[in-house]
Amino acid sequence: MLDDLGIDGDEAADFFVAFGAEFEVELEPLYRNWPRHFGQEGFPVSAGLLMVAVACVIAVPAAVIGLPSWAVIGLSLAASFGWLFGLRAWPLGGGKALEPVTIEDLIHAAQAGRWPESDQPPS
């Protein structure tokens with residue numbers, strides 16, 4: 001769902017509320033394992049603090065060597081956003097891959113009326 005449809009965080013929660021109601025599926029086993037399948041909405045505070053630290057690591061040496069203020073600000077922003085979007089694996093993503101929820105998982109759950117306890121579709 002995340003890779004193909006871009007559904008994550010709050011959107012995934014809304015989807016599963018509607019899915020559970022429409023197909024009368026008990027989703028408690030899925031909710032217990034939610035972080036294995038879906039990321040958090042937004043960014044944690046630690047990410048913002050690390051962005052500031054990255055910006056400072058770039059800004060201080062750039063200012064010391066005498067770059068103009070616009071260059072210092074530009075380099076700091078570029079480094080911060082480069083880290084944020086280029087190196088998201090740590091700490092934002094926790095360095096672990098999410099287990100996908102597939103259409104097949106949804107079909108099995110709808111047929112069974114309950115999300116599988118093992119988080120694997122029944123054979």
Side-chain angles (χ1 to χ4, degrees):
M1 291 182 61
L2 175 60
D3 291 340
D4 294 336
L5 303 175
I7 296 177
D8 199 17
D10 291 343
E11 293 169 344
D14 293 342
F15 172 83
F16 277 102
V17 167
F19 172 79
E22 177 71 24
F23 295 100
E24 299 178 359
V25 175
E26 170 56 45
L27 296 170
E28 182 58 32
L30 172 65
Y31 294 142
R32 282 196 308 266
N33 294 298
W34 192 262
R36 291 173 49 188
H37 302 288
F38 298 102
Q40 296 179 354
E41 192 72 25
F43 296 110
V45 174
S46 61
L49 295 174
L50 284 171
M51 276 185 67
V52 170
V54 167
C56 289
V57 165
I58 298 299
V60 171
V64 168
I65 64 170
L67 289 178
S69 59
W70 62 266
V72 172
I73 292 169
L75 284 172
S76 298
L77 288 174
S80 296
F81 286 108
W83 171 83
L84 182 63
F85 294 107
L87 302 175
R88 284 189 68 171
W90 184 83
L92 300 179
K96 61 178 178 141
L98 297 174
E99 295 176 21
V101 172
T102 66
I103 300 300
E104 185 179 10
D105 295 334
L106 298 173
I107 291 169
H108 286 296
Q111 289 172 340
R114 179 171 176 80
W115 197 263
E117 284 292 332
S118 67
D119 254 7
Q120 300 298 320
S123 310

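Hydrogens, waters and symmetry mates play no part in the numbers below; they use all other heavy atoms, side chains included.
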Val101 vs Trp115 side-chain heavy atoms within contact, under 4.5 Å: yes
Minimum heavy-atom distance Ala62-Leu75, with the two atoms named: CB-CD1, 4.4 Å
Which residues share a side-chain contact (heavy atoms from CB on, under 4.5 Å) with Ile7, sequence neighbours left out: Met1, Leu5, Glu11, Ala12
Aromatic plane relationship, Phe19 with Phe16 - under 30° parallel, 30 to 60° tilted, over 60° perpendicular: perpendicular
Nearest non-hydrogen partners of Glu99 and His37, listed with the distance: O-ND1, 2.9 Å
Within one Ile-Leu-Val-Met-Phe-Trp-Tyr cluster: Leu67 and Val60, side-chain cutoff 4.5 Å: no
Cluster check Ile58, Leu77: I/L/V/M/F/W/Y, side chain < 4.5 angstrom: no
Nearest heavy-atom neighbours spanning Ala59 and Ser76: CB-OG, 3.2 Å
Asp105 side, atom CG; Leu30 side, atom CG - distance, nearest 0.5 Å: 9.0 Å
Hphob cluster co-occupancy, Ile103 + Phe15, side-chain heavy atoms under 4.5 angstrom: yes
Point-to-point distance, once rounded to the nearest 0.5 Å, from CD of Glu117 to CD of Glu26: 9.0 Å
Shortest non-hydrogen separation from Val72 to Ala63 and the atoms involved: CG2-N, 3.9 Å
